[in-house]
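Because the structure is a prediction, the values reported are computed rather than measured. So that the names make sense, note that chain A is the first sequence line, chain B the second, and so on, each numbered from 1. Reckoned from all heavy atoms, side chains included, excluding hydrogens, waters and symmetry mates.
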Amino acid sequence: MTNTLGRPDFDLITAWIEPGHRVLDLGCGDGSLLRHLVDSRGVRGVGVEIDDANILAAIRNGINVLQGNLEKGLDEFADQSFDHVILSRTLQTVRHTEGILREMLRVGREAVVSFPNFAYWKNLRSVLAGRMPVSEDLPYQWYDSPNVRFFTLLDFEALCAQMGLIIRERHVLDEGGNMVDNDDERELNFLGSLAVYRLTQQR
Amino acid sequence: MSGQSVGVVTSQRAHFDQPLHLRSGGVLPAYDLVYETYGTLNAAKSNAILVCHALSGHHHVAGHYADAPNNIGWWDNIVGPGRPLDTDRYFIVGLNNLGGCHGSTGPSSINPATGKRWGADFPIVAVSDWVEAQARLADLLGIDAWAAVIGGSLGGMQALRWTISQPERVRHAIIIASAPKLTAQNIAFNDVARQAILTDPDFHGGHYYEHNTRPTRGLRLARMLGHITYLSDDQMGEKFGRELRNGSFSFDYDVEFEVESYLRYQGDKFAGYFDANTYLLMTKALDYFDPARLDNGDLVRAMGRSHPDTGFLIASFTTDWRFSPARSKEIVAALLANGRNVSYAEIDLNFGHDSFLMEDAHYHGIVDAYLRNIQL
């Protein structure tokens with residue numbers, strides 16, 4: 001899961017973050033996003049990552065990174081200690097979906113979540129053709145994928161509603177990283193390969 | 001790991017006349033510290049790294065002596081040109097702590113008041129006293145602030161204490177396989193080790209020097225016990241299993257299993273050169289260490305005394321049950337609560353607590369990457 005700059009969701013996320021904000025990046029990979037946010041926004045950032053090679057790369061990148069398993073919660077972080085908690089292309093790898101979303105909004109004022117949309121038309125076409133999808137945003141074979149949850153935009157939004165989470169903003173991107181817009185939610189669910197959400201909850 | 005040894009090194013000795021008021025209430029009127037340095041202090045004096053040693057360590061961190069090529073420093077694998085503590089970039093300082101038995105003033109030194117060895121009369125020194133003594137050595141070397149203070153185990157406790165006691169003088173702390181304080185289990189292990197020494201008939205209340213003897217039996221047992229706790233069960237299993245030296249049971253109490261042979265060898269070797277009073281003192285320094293104590297046990301408040309710009313690298317090892325990853329995470333959480341810059345690596349190495357001394361590409365890569373990012 002190497003993160004490279006030039007990833008379209010990075011630009012969207014960056015635009016939501018004010019200079020000097022405190023940012024927690026869960027599943028931060030090699031720390032590229034945090035590095036970018038430190039350099040371009042002067043944020044105070046911390047990343048969490050489980051993989052050894054990514055920990056090393058993130059330290060090389062000069063960011064604060066903590067080795068840990070998101071499935072075990074975020075105990076080391078105090079309530080509301082961050083402005084933004086980012087979970088970029090990682091939610092689908094976490095088994096305790098509700099748990100991590102609750103934890104994100106416990107430690108942070110806002111949660112930023114991006115994930116691959118399983119209902120993207122190319123993914124559906126692939127399944128209809130009899131094979132699990134492999135794409136830009138779902139780049140793994142079924143047998144070596146770190147992903148454990150497969151869900152769609154509409155699934156995610158239903159869960160947010162059920163959990164009382166407020167969707168403040170949403171961007172939907174196609175496989176090329178271009179913004180997709182459509183008034184019909186089901187159409188959008190069909191056209192979007194990657195979704196980026198900005199969430200809060202009532203306090 | 002790439003890189004080279006620093007090669008031939010020499011030790012130095014510094015004498016300090018300014019009395020040192022100790023945590024225990026005692027005073028050391030004057031004392032010596034032996035130390036070694038590797039690399040060159042830059043003009044800005046901004047590239048100095050202090051290496052703090054653990055229970056049985058000393059000032060000979062890296063390289064070897066011209067007249068003793070086999071006497072290689074205890075952390076030689078991490079220090080040298082191209083190694084993580086890169087002597088092409090950094091000026092590395094290692095010293096023998098007060099109370100030690102490798103040349104710095106300690107229980108086996110002569111007490112100027114009596115003309116005899118200090119023995120049991122040597123005051124107990126605490127980690128905070130070591131930090132004070134180390135700060136005076138820094139003064140002597142013209143180092144206002146360390147680029148980094150690094151240590152494993154008890155050495156990590158000193159690095160942690162530096163950030164609280166001398167916040168302006170430490171820009172980065174690298175705290176490896178350490179803890180914010182010992183658990184009851186850890187203190188218990190230390191006490192069994194101490195009891196082995198204290199009950200040795202050759203101990204003579206700590207004044208064994210005058211009896212021309214040494215409590216080697218007790219010290220040997222203490223080391224054997226300690227050694228078990230520094231290794232992992234898996235590693236001992238892999239290394240020794242249930243291998244028998246002679247292939248079959250001999251139904252007596254001689255050395256039979258390879259693990260017995262190994263432990264006895266380690267115990268004998270250690271008892272041959274280490275001073276029992278120093279061992280007692282070092283274990284007490286471990287037991288007493290608890291920087292949160294002055295803040296009513298609140299580690300968050302204690303770490304709040306560190307400088308906001310000080311950076312921290314905390315590392316633990318998955319198989320270390322004596323100073324487990326959970327203990328390192330307590331330090332991490334307290335630093336996070338203060339908004340400090342902190343990174344944490346949990347390194348999968350099979351050597352238990354002793355992992356911090358081992359050469360491993362990932363472990364050394366982490367330390368290397370962190371140190372290369374420090375602006376000098």
Side-chain angles (χ1 to χ4, degrees), chain A residues 2 20-35 37-39 42-85 103-104 106-109, chain B residues 1 84 148 171-176 180 298-301 303-304 308-318 324-349 355 360-375:
Chain A
T2 50
H21 267 181
R22 296 159 303 160
V23 176
L24 175 63
D25 187 1
L26 302 175
C28 68
D30 67 2
S32 298
L33 175 59
L34 272 177
R35 182 74 257 163
L37 291 172
V38 169
D39 293 341
V43 303
R44 290 187 65 86
V46 186
V48 176
E49 178 53 54
I50 193 168
D51 178 70
D52 281 350
N54 278 332
I55 289 287
L56 181 58
I59 290 176
R60 277 210 185 100
N61 253 328
I63 63 150
N64 296 318
V65 65
L66 311 178
Q67 192 156 22
N69 183 348
L70 299 179
E71 301 283 9
K72 293 183 175 165
L74 304 173
D75 286 349
E76 60 268 54
F77 301 104
D79 293 358
Q80 296 298 295
S81 48
F82 293 92
D83 297 298
H84 296 273
V85 181
E103 277 288 85
M104 288 174 78
R106 175 183 68 78
V107 305
R109 195 162 50 78
Chain B
M1 192 82 192
R171 291 168 52 216
H172 293 270
I174 302 179
I175 299 164
I176 305 168
D298 185 344
L299 187 63
V300 173
R301 269 177 63 193
M303 292 320 301
D309 294 334
T310 295
F312 292 81
L313 173 63
I314 315 291
S316 69
F317 298 95
T318 48
S324 72
R327 310 307 318 285
S328 284
K329 284 190 199 165
E330 291 172 29
I331 302 171
V332 172
L335 291 168
L336 286 171
N338 283 290
R340 294 294 182 268
N341 287 311
V342 54
S343 285
Y344 169 67
E346 197 166 300
I347 298 158
D348 193 11
L349 254 183
S355 295
D360 173 75
H362 177 61
Y363 163 38
H364 280 190
I366 296 274
V367 177
D368 187 84
Y370 188 85
L371 284 172
R372 292 215 182 269
N373 276 331
I374 295 179
Q375 310 272 320

Let me confirm one number: the CD1-CG distance from B/Ile314 to A/Leu66, rounded to the nearest 0.5 Å.
10.0 Å

Listed partners of B/Thr310 passing side chain to side chain contact (heavy atoms under 4.5 Å, CB included), at least two apart:
B/Thr163, B/His307, B/Phe312

Quick one: does any side-chain atom of B/Asn341 pair with a main-chain N or O of A/Asn64 as donor and acceptor, under 3.5 Å?
no

Okay, B/Leu313 and chain A: the region with an atom under 4.5 Å from a heavy atom over there is side chain

With only heavy atoms counted, which part of B/Ala337 is less than 4.5 Å from chain A, the side chain, the backbone, both or neither?
neither

Under the 3.5 angstrom rule, does the side chain of A/Gln67 hit a backbone N or O of B/Glu346 as a donor-acceptor pair?
yes

B/Leu336 and A/Phe77: which non-hydrogen atoms are nearest, and at how many Å?
CD1-CE2, 3.4 Å

By salt bridge (charged side-chain N to carboxylate O under 4.0 Å, His left out), B/Arg340 pairs with (sequence neighbours left out) none

Heavy-atom distance under 4.5 Å to chain B: side chain of A/Arg60, backbone, both or neither?
both

Do you know which of A/Asn61, A/Leu56, A/Asp75 has the most heavy-atom pairs with chain B at a distance under 4.5 angstrom?
A/Leu56

Heaviest contributor of heavy-atom pairs below 4.5 Å to chain A, chosen from B/Ser343, B/Ser316, B/Ala333, is B/Ser343

Which atoms of A/Val46 approach chain B - backbone, side chain, both or neither, heavy atom under 4.5 Å
side chain

